[in-house]
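Hydrogens, waters and symmetry mates are skipped; everything else that's a heavy atom, side chains included, is used. In what follows, every chain begins at residue 1, and chains take the letters A, B, ... in the order their sequences are listed.
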Amino acid sequence: MLELTYLREHREDAEQRLAKRNIDAAGLLDTARQLDDLRRNTQTDLDARLAELNLLSRAIGDLMKSGKKDEAEAARAKTAELKASAANLKEQLDAAEKALHDHLCTIPNAPSSKVPSGRTPEENVTVMQHGAIPELGPSAKPHWEIGEEYGILHMDLGVKVTGAGFPVYSGQGAKLQRALIAFFLDKASEAGYREFIPPHMVNAESAFATGQLPDKEGQMYHATADGLYLIPTAEVPITNLYRDSIVEADQLPIKMVGYTPCFRREAGSYGAHVRGLNRVHQFDKVEIVRIEKPENSYAVLEEMVEHVKGLLNDLELPYRQLLLCGGDMGFSSAMTYDMEVYAAAQGRWLEVSSISNFETFQSNRLKLRIKGDDKKNRLAHTLNGSALALARIVAALLENNQTQEGIRIPKALQPYTGFTMIVK
RNA sequence: GGAGAGGUGGCAGAGCGGUCGAAUGCGGCGGUCUUGAAAACCGCUUUACCCGCAAGGGUAACGGGGGUUCGAAUCCCUCCCUCUCCGCCA
């Protein structure tokens, strides 16, 4: 949620930035301004009324004590009207606050000045590309065929046990999965991230604070009996560890990492382009999360990208870095880089990481502030990124590394898998 | 799931209808003292919002929500959470 003070004091900037999302920025901001004015005026009135009431109450107390019963009664009679009017104003204030809040919830984050405008994924900017595209030859198979052939990935068993999009890994496939998770976690630890194992379900407050609610309600699995949501990413529980908190400036930066399975309904996406592991309802992901001072956050975003590049280099996968255009960015993000790996058999780029700076969009909902040396509180910047998302990494590894002898495991991963080759 | 106890400031812990945003202790910050440090002493030490250029003023918050009352941290209802005992259980 964008900050009201920002919208009021930097209206022009907000409008320009929001315009990159191809929305009616001016209209949204005008409405916000009007609703906020109403809220302020109502609160001013209400506060004045309550101040009067408080004064009267105190006077009544004093009169009672000094035994002036009649005067106390007279004063008491005067409160009725004030109370009614205050109650009325309170109702109006609540309504105004709700209207303002609901409206602010509909406004996406304002893209950073560095974000290119554009409507579609085609307008994303390729920042860099690295690694040779493998030449596989005509016998190359897509990962879902490889998985079946080697007996390590079973989409059909997932269908039986749960439903489409819930993969089952077995044997060396399962071990590869576990190796990747351990590898990613170790790399994050080396880079100074504190490891967390968070809950895999969250309450509505948490889902709201990181921006999944109300915007992406239908994307999450919802356990209605308990009002809980299966997490679509570890970002949600991990970032929410710092909900409603004020951190001392010298505690920063806060660097957290966590592995969790991720659950996404992906309603409405079916077809050939989502075959195999390309898009699934449950996948594993190691996520890095940062809480930072505003002046550092963009440097940190680049640092996080470098971390992810290091992982991809270690995995020997060809990859590219995209800077998302305004139209393709997530609702909560101010700037997002996507990292994609090339899956050579499919001949497609697969997104394996999304690294975003949310500026104060999340912290405003989280009520996550930094107490500075001047004792003033200000909202922190939050960032997160996949480091990395497993299913698609596995897809690319299987496809790119297929040989006559088996599936080659990258050197860096071998200490974790305990084998150098996946064989039949 | 059943029974009981309880949820107060960074922590501990008073308050149980009025001037209580809240005693006291600890912690933290500043000062006096000291060659320096400690101790001692003094002062300060929550958050959000509203009005105001500012100085300053106002409102709200004692788990959440609602109620009683001129007035609630204090009384009532309700929800949530924690603890103890019982049950169940990886």
Looking just at side-chain N and O atoms, do S189(A) and D186(A) make a donor-acceptor pair shorter than 3.5 Å? no

N/O donor-acceptor pairs under 3.5 Å from side chains in residues 159-173 of chain A, not counting sequence neighbours:
| from | atom 1 | to | atom 2 | distance (Å) |
| --- | --- | --- | --- | --- |
| S170(A) | OG | G151(A) | O | 3.0 |
| S170(A) | OG | H154(A) | NE2 | 2.6 |
| Q172(A) | OE1 | V423(A) | N | 3.0 |
| Q172(A) | NE2 | M421(A) | O | 3.0 |

Just the rounded figure in Å: distance from P of C70(B) to CG of D70(A). 17 Å

Rounded to whole Å, how long is the line connecting atom CG of D94(A) with atom P of A61(B)? 12 Å

Expressed as a whole number of angstroms, how long is the span from D226(A):CG to C80(B):C1'? 14 Å

Does a side-chain N or O of N54(A) approach OP1 or OP2 of G71(B) to a distance below 4.0 Å, or not? no

Each nucleotide of nucleotides 47-57 of chain B classed B (base within 4.0 Å of a protein heavy atom), S (only sugar-phosphate) or -, in 5' to 3' order, makes SSBSS------

To the nearest Å, how far apart are D244(A) CG and G63(B) C1'? 12 Å

Within residues 71-84 of chain A, find the residues that approach RNA chain B with a heavy atom at under 4.0 Å, and present them sorted by residue number. R76(A), T79(A), K83(A)

Residues pairing under side-chain hydrogen bond (donor to acceptor under 3.5 Å, both in side chains) where one sits in residues 286-295 of chain A, two or more places apart or in two chains, turn out to be Y193(A)-R290(A), K285(A)-E287(A), R290(A)-E292(A), R290(A)-E303(A), E295(A)-R378(A)

For RNA chain B, the residues among residues 55-62 of chain A that have a non-hydrogen atom under 4.0 Å from it: S57(A), I60(A), G61(A), D62(A)

L53(A) CG to G58(B) P: how many Å, rounded? 16 Å

Taking atom types as modelled and ignoring hydrogens, do the side chains of Q362(A) and E235(A) form a donor-acceptor contact shorter than 3.5 angstrom? yes

How close or far is atom P of A61(B) from atom CG of L93(A), stated in whole angstroms? 13 Å

Can you tell me if Q346(A) and N278(A) form a side-chain donor-acceptor pair at under 3.5 Å? yes

Residues which pass side-chain hydrogen bond (donor to acceptor under 3.5 Å, both in side chains) with S332(A), listed by chain and number, not counting sequence neighbours: none

